[in-house]
Structure formats: C-alpha cells, structure tokens
Novice: 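One structure coming up, written as structure tokens, with questions to follow.
Keep in mind that the numbers below use all heavy atoms, side chains included, and drop hydrogens, waters and symmetry copies. Keep in mind that what you see is a predicted model, and the values were worked out from it rather than measured. In what follows, every chain begins at residue 1, and chains take the letters A, B, ... in the order their sequences are listed.
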2 protein chains.
Amino acid sequence: MGSRKPRKRATISDVALLAGVSISTVSRVINHEDPSQMRDVTRDRVLDAMAALDYTPVKAARDLRRRRTHVLALLVPDISNPFFSLLARGVEAAGFRVGYSTLICDSNNSKDEERQHMSALLRQNVDGVILVPVGRPDLAGLERMERSEVPVVTADRRIPGIPHVEADNAGGSRELAKRLVALGHRQVAYLGGPEDVSTAEDRLQGFLDGLAEGGVAPVAVRRGDFTYDSGVSLGTEILRDEHPDAVVAGNDLMAIGVLHAAAAAGRRVPEDLGVAGFDDIQWAALVRPRLTTVRVPFLEIGQCSARALVARIMSYDDAVEPTCLPVSLVIGDSTCAARAREDATGVSPGERFRKRGDRTSRGGSGA
Amino acid sequence: MGSRKPRKRATISDVALLAGVSISTVSRVINHEDPSQMRDVTRDRVLDAMAALDYTPVKAARDLRRRRTHVLALLVPDISNPFFSLLARGVEAAGFRVGYSTLICDSNNSKDEERQHMSALLRQNVDGVILVPVGRPDLAGLERMERSEVPVVTADRRIPGIPHVEADNAGGSRELAKRLVALGHRQVAYLGGPEDVSTAEDRLQGFLDGLAEGGVAPVAVRRGDFTYDSGVSLGTEILRDEHPDAVVAGNDLMAIGVLHAAAAAGRRVPEDLGVAGFDDIQWAALVRPRLTTVRVPFLEIGQCSARALVARIMSYDDAVEPTCLPVSLVIGDSTCAARAREDATGVSPGERFRKRGDRTSRGGSGA
DNA sequence: CTGAAAGCGCTAACAG
DNA sequence: CTGTTAGCGCTTTCAG
C-alpha cells in the first residue's frame, strides 16, 4: 500500500466552480431530493461535477449548521448478550432507514462505565439515546441528558418519567403460569431475576397472578441474577429443598441452568419435572429438551425504540407514548401434561402442542 | 414531561465571557489536558465558568476544524451472531479507551446492504472502518474508501492488500486434526464453511494438513454455509453415506447441528462418533455433550482491530502489520479416545482430558 | 502566558 | 429558478 495521492478533498465550492453554478445551488441538489424547483439541466450538471470530483460533503460542516448530527446511541449492559445484540440490530436497521447512524456503547454491566458513556455521549452530541440501564437507573445522568435536550428512550426497562418500549412481560408470564396450571402442575417454584430490574419484577408478578388465577400458590420464589450459573445453583437448591413438579425461571439462561441441574439430580424433564423460561433466545433452540418459553420480540423492541426516539427528536420537546409489545408462548419439550408425566412414556410430549418453529440462528458466514 | 427550558446552549464565548478570558484560552483548557503552560488561576476560572454554564463543546465545530471525527465504524454481516457481537464489544471497548466512538453497521448478510452502508459511512466521515465482509469482498467499495483516505482493516477475514486481524485458523484446525488422529480416529469427515470465506478455507486446509501429518486421509469433505441447519442436513447425509468415526465441522453451529443429526440417527456421541467444532461460541457451553472445539478469541480480535485501525488513522498513510491471534484447543465430551469408544463405558470420557472451563455467558441483567 | 483574527465547509435566509 | 451573504462554534497561527 503505497502513499495516497495527496490530492485535496473537493469541497462544495469546487463542485460549484466546475458545474458553473453557485454553491447554494449545489447545496440544493445535495439536500432537496425531491424534484425541487430546479432545472434538470442545472441539476445534472451539478451531479456530474460531484461525480467527477468524487465529492462527499463534510458532515461536520453540515452538522454545525443544521445543529443535528443524525446520530443515535444505544447504550446497553452487554452487547454480546443475545437480547441486546438483537435489539441493536433492530435499532440500527430502523435508524438507518430514516437516515440515522447508531453509536454503540457497552457499559459492561457496570454502573460506573454506564455513567462514563453517558458523559461521552453528551460530548458526542448524539441526537438521542436508547438506554438499557444496568440495574437501577442513574437518574442524575438521565437528568443531565434531558437538561441538554438529548431525548432518551429506555428499551426493555421502565424508568418513571422516561418513555420506554418493552414487551408484555407480565402478560406473557401470566399466560405461562396458566398453562402450567392447566398441565396439572401444583407444586410450582419460580426462579426470578434481580429485584432492581423492572422486567424481572413484571415477570414475577405476572406469574404469581397467573398462578393465583388457577388457584395455585407457588411452593417457592427465589431470586437469581439472570445468569446460567445462578440457574444451575439455585435450581439445584430448589430441587433439593422444595420438591417442585415444575420450575419456571425468569429467563432462558437460568432455565437452561435448571435443566442441567435437573439432569445432574437425576430428574427427567419433562416427565419428572416441568421447566420453562422466558425470552426465547436463539441459544435455546440448540438445547435439548427444547425449552418451553415466552418469545420476546427483541428485534422489534429495538426497531420500535429507534422509531420512538426519532419521533422524540423531531418533535423535540415532548414525550412519546410508552409502548408495550406482545409476546407469545412457545411450547417446547420441557413441559408436558400431567397425564403424560404419569405415563412417563418417554414419547416427547411437546410434540402434541404447537411445535416451536425452528428458530436457530441463520449464523451465516459466521467466523 | 413538560416543556424544557428554552435556555440556549452555552458556547465557548459564553464561557470566555463569564470567565473573563478570551475564547482561545478556553479552547486551550478544553484541549490541552496537560499542565499546559497556563496559570492555574486562569485555568480554574475557566473550569468554573464551564461548570456554571453546563458547557459542552459542539462536536461538529471541533470536527470541522480538526478534520477528524474520532468515530470508527464496524461493519459486520450480522451483529446478532455471537462472534460479531463479541467482536463489537472488543472494538467498542478498545476504541473508547483511546477516545473513539464506534458506529455499528449491520449488512444483514447482504452484499447489497454492505455496499449501501459503505457509502453511508463515507458520508458519515468516519475516521476508519473495521470490516467483516459478506462473502467475497466488494473491492470497488474498498477502493472508494481508500481513495477517500478512510483506512480499512478487516477482522476475521483476509483481503489482499488490506491490513487484517484474524485468528490462527489453520493452526488451530491442524492441532484439532492431530488430536483426533491421536484419539484413534481414522474415518474422519470434514464439514467446511463457504468457499468464499477465507476463514473457512484456512480451517479446511489446516485440518487436511493435520490429518495428513497423522497419515490419515479424510473420508469426506463437504461444504456447508456455517448455519445450524446446514450442520443438521449435511451431518445427516455424511452419517448415512460415509460411515465416519468422527465428523469435524468448520464452526460450532454446524457441529451442534451434527450433534443433533447424530442423535436423530441413533449414534451416541462420543462413544459411536466423535464430533468437533470451531469457535467456542458461548452457546456451545449450553449444549450436551460439551463440544470439543477450538477457541477463537473474538473479543481480542475486536480489540486488536480497533487498535490497528487507530494506528492506521494516526500514521495516516501506510498499512500496519497483519495480525494473527493464537487459538486454543478446547476438549469437551464430544470426542474421546479409541479405547473409551471400544469400551463404550458410558463414563464421560471428556473428563479425562483438560476439562473445558465453565465459560457460560455472564448473561447478567439480561432481558 | 494570553488575545485577536482567520477561516474549516456548509446551509438557509434573502434577494434578485 | 439561482446567486449572495452571513454566520454555525471551534481551533489555531500569529502577535503581543
């Protein structure tokens, strides 16, 4: 790779000169896509000149004038988590479609790094931020953003006073609970997520409601931290101490931990024990037995968040409606009806229900 | 949320005014972190004024002057793939540490969207791009970037003439092959990735080399597309037609597909059949039996790419050394020694080897 | 050690 | 329909 031509980058006035028009005319063809009142010949001459000079507008100059960067930021606890990376895909795609670029910021599950990133974003002059806070949100940081007129939308988390986009966690959880009751479970244990995460609370509450509707009380409610490891360890404990006929976890990762804990304890799933999760992450499709879970539309949450944020940016002064996206029950092979459990036939009972689609990663071109 | 105070944003001259200094002095305190020659009193006065006015520099204005945006872009085929999201984490973290923000672009596995994004990035005036091309790279697009003096580094893919950062795919694959031979396998089938992906080619070639060194020839070599589905379907075919005693896939996703194909075909793993993958993606840790695979340091690849790119941006004119990161063999329970296979004891043979660490996702705070 | 002044490249009134 | 003009907010010589 030799040296590059030091030929200086063409500016708008170079284009104007070459096209034999004024710079404002060039500016017009750059900005007004529409058949703006402008003679086609003029327009074409400009276009030709731009092409000839390989002209690219300097974004900083435009931003300076328009006082808008058309950049959005997505701040998540861990971009390598499947929920957040799907969310990111949704945000990026929806943003791109309306002319926004997406800055990605990973707070590495640390409130401190989250704070750092928020300051950085302020300095970056992003037009808006989609936030998934780490645990209990940093109100001070949010306050600063709002004060700087940088709109914020939270995704998959609720913060009073901030517009948000989330899934119907409570509703989905409630349906799941009712399903388990219908399957004949009476000794149900729940393994929830952290208390400072609204999502976890909603799921827990919804589950208890659903159970109550079926006239069932949980045999135990524990708190994990949404990790696989906590699923394994708390799952082991629950199985040892509570003698449940079903364990439902607040997310899939913990549910898979429970699955493995059950295997280690010699309990067959679903014959001896029903297991269910929440999220329907891609990974789940690779685990056997297939997990009964609730599909959360992360991609859509991302898209919706981006759209909501852009709406806020444009209206520039008031909040948009909070959004709650529907979820759907996914019946796998980790739960079955009481009849089947008694028979213990070994025939995969999940097959009797709506079969979960094959939702494995397209994975394509992966490393 | 009510209306915001329409109080206009403070500029550098407001600060100067309040501090009773000139704007160039303010500029100096903003930019020269060091104990730049400047009286502490002056400096403090400025700092106070900035705080009092809640001053944040307008990035567009700085960028316009400095002709540098301090923004990097990461363009990947699918950010929701675990390799790429880990890569992204690495890029973001390493970039952030040296003052760069990261724009994330998802080409959605489409060469066309890739092209679109490249143009968009040019208009965005990013300082550099980390690219993971979709299939065979778009030379024209790259040409345009270089012509515009936007340095590009590819990650996990090689393109002649472009600096890249990748893992030692060939080496890792070779070691894996040798290990299988050492375990007594003689009927080995290989399920590779797409031919237009350098990574896939390296892995295949390395594997064949390793096999050859052990004096073994593969019973079959097939091509998948790195998806789980192709692992299942081609795995099924291979098992039916080739009677292998081991199937090695070019990545974990396909290997898991093979695992499931084997289960469906009634072949026990590892007693009847050895299976191995490549990547050591997080998902793999959730699958049983645990996969024997090769750990690719995606996070580090990301970090390295970011550093290399920044180096190119600063030197601004010449290429940096290509980088090849080491990989490591991960022995799981999906392979075992011939002895164990003959005994078919059912004792998990993987245990005899270096046990794979528990590398499950921290998953924390997940949705 | 600090200030004055000259733009960076572009957009958006405002005139023709 | 097109040109002129006045900055956007900041960094950076160049002089004190």
Novice: Pairs in or reaching into residues 127-141 of chain B: which pass salt bridge (Lys or Arg N to Asp or Glu O under 4.0 Å), with residues at least two apart or in two chains?
Specialist: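 Of all non-adjacent pairs touching residues 127-141 of chain B, those that pass salt bridge (Lys or Arg N to Asp or Glu O under 4.0 Å) are B:R115-B:D138.
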Novice: Would you say the side chain of A:D63 lies within less than 4.5 Å of the side chain of A:R68, judging by non-hydrogen atoms?
Specialist: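 Sidechains of A:D63 and A:R68: no contact.
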Novice: Rounded to whole angstroms, how far apart are CG on A:N31 and C1' on C:dC10?
Specialist: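 A:N31 atom CG is separated from C:dC10 atom C1' by 9 Å.
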Novice: Is any side-chain heavy atom of B:L309 less than 4.5 Å from a side-chain heavy atom of B:L72?
Specialist: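 Result yes, sub-4.5 Å side-chain heavy-atom pair found.
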Novice: In whole Å, I'd like the distance from the CD1 atom of B:I12 to the C1' atom of D:dT12.
Specialist: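 For the pair B:I12 CD1 and D:dT12 C1', the rounded distance is 11 Å.
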Novice: In whole angstroms, how far is the C1' atom of D:dG9 from the CZ atom of A:R123?
Specialist: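 Nearest whole value for this atom pair: 18 Å.
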Novice: Please give, in whole Å, the distance from C:dG9 C1' to B:N125 CG?
Specialist: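 After rounding, the gap between these two atoms is 11 Å.
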Novice: Write out a two-atom table: protein N or O, nucleotide N or O from nucleotides 2-4 of chain C, distance below 3.5 Å.
Specialist:
from  : atom 1 : to    : atom 2 : distance (Å)
C:dT2 : OP1    : B:T42 : OG1    : 2.3
C:dT2 : OP2    : B:R39 : N      : 3.3
C:dG3 : OP2    : B:S22 : N      : 2.9
C:dG3 : OP2    : B:S22 : OG     : 3.1
C:dG3 : OP2    : B:T25 : OG1    : 2.6
C:dG3 : N7     : B:S24 : OG     : 3.3
C:dG3 : O6     : B:R28 : NH2    : 2.4
C:dA4 : N6     : B:S24 : OG     : 3.2

Novice: Between the main-chain N or O of B:V134 and the side-chain N or O of B:E114, is there a donor-acceptor pair closer than 3.5 Å?
Specialist: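 At least one qualifying donor-acceptor pair exists.
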Novice: To the nearest angstrom, how far is A:L53 atom CG from C:dG9 atom P?
Specialist: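 Rounding to the nearest Å, CG of A:L53 and P of C:dG9 are 14 Å apart.
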Novice: Atom CD1 of A:I30 and atom C1' of C:dG9: how far apart are they, to the nearest Å?
Specialist: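 Rounding to the nearest Å, CD1 of A:I30 and C1' of C:dG9 are 10 Å apart.
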Novice: Taking the side chain from A:S13 and the backbone from A:A16, do they hold a donor-acceptor pair closer than 3.5 Å?
Specialist: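 Between the backbone of A:A16 and the side chain of A:S13 there is no qualifying donor-acceptor contact (under 3.5 Å).
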Novice: Looking at C:dG9, I'd like to know if its phosphate oxygens (OP1 or OP2) sit under 4.0 Å from a side-chain N or O belonging to B:R67.
Specialist: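 Yes.
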Novice: Just checking B:D63: base, sugar-phosphate only, or nothing, at a heavy-atom cut-off of under 4.0 Å?
Specialist: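 Nothing, no nucleic acid heavy atom in range.
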Novice: Return the 5'-most residue of the pair B:R65, A:R62 with respect to DNA chain C, ranking by each residue's nearest nucleotide.
Specialist: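 With B:R65 and A:R62 compared, the 5'-side residue is B:R65.
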Novice: Rounding to an integer number of Å, can you tell me how far A:R66 CZ sits from C:dG9 C1'?
Specialist: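 Checked: the CZ to C1' distance equals 13 Å.
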Novice: Go through the side-chain N and O atoms of B:S101 and A:Q124 and say whether any donor and acceptor fall under 3.5 Å apart.
Specialist: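 Side chains of B:S101 and A:Q124: pair found under 3.5 Å.
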Novice: Write down the distance between CG (B:L64) and C1' (C:dA6), rounded to a whole number of angstrom.
Specialist: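 After rounding, the reported distance stands at 13 Å.
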Novice: Test your reading of the model: is there a side-chain donor-acceptor pair from A:D14 to the backbone of A:T11, 3.5 Å cut-off?
Specialist: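 A pair under 3.5 Å: yes.
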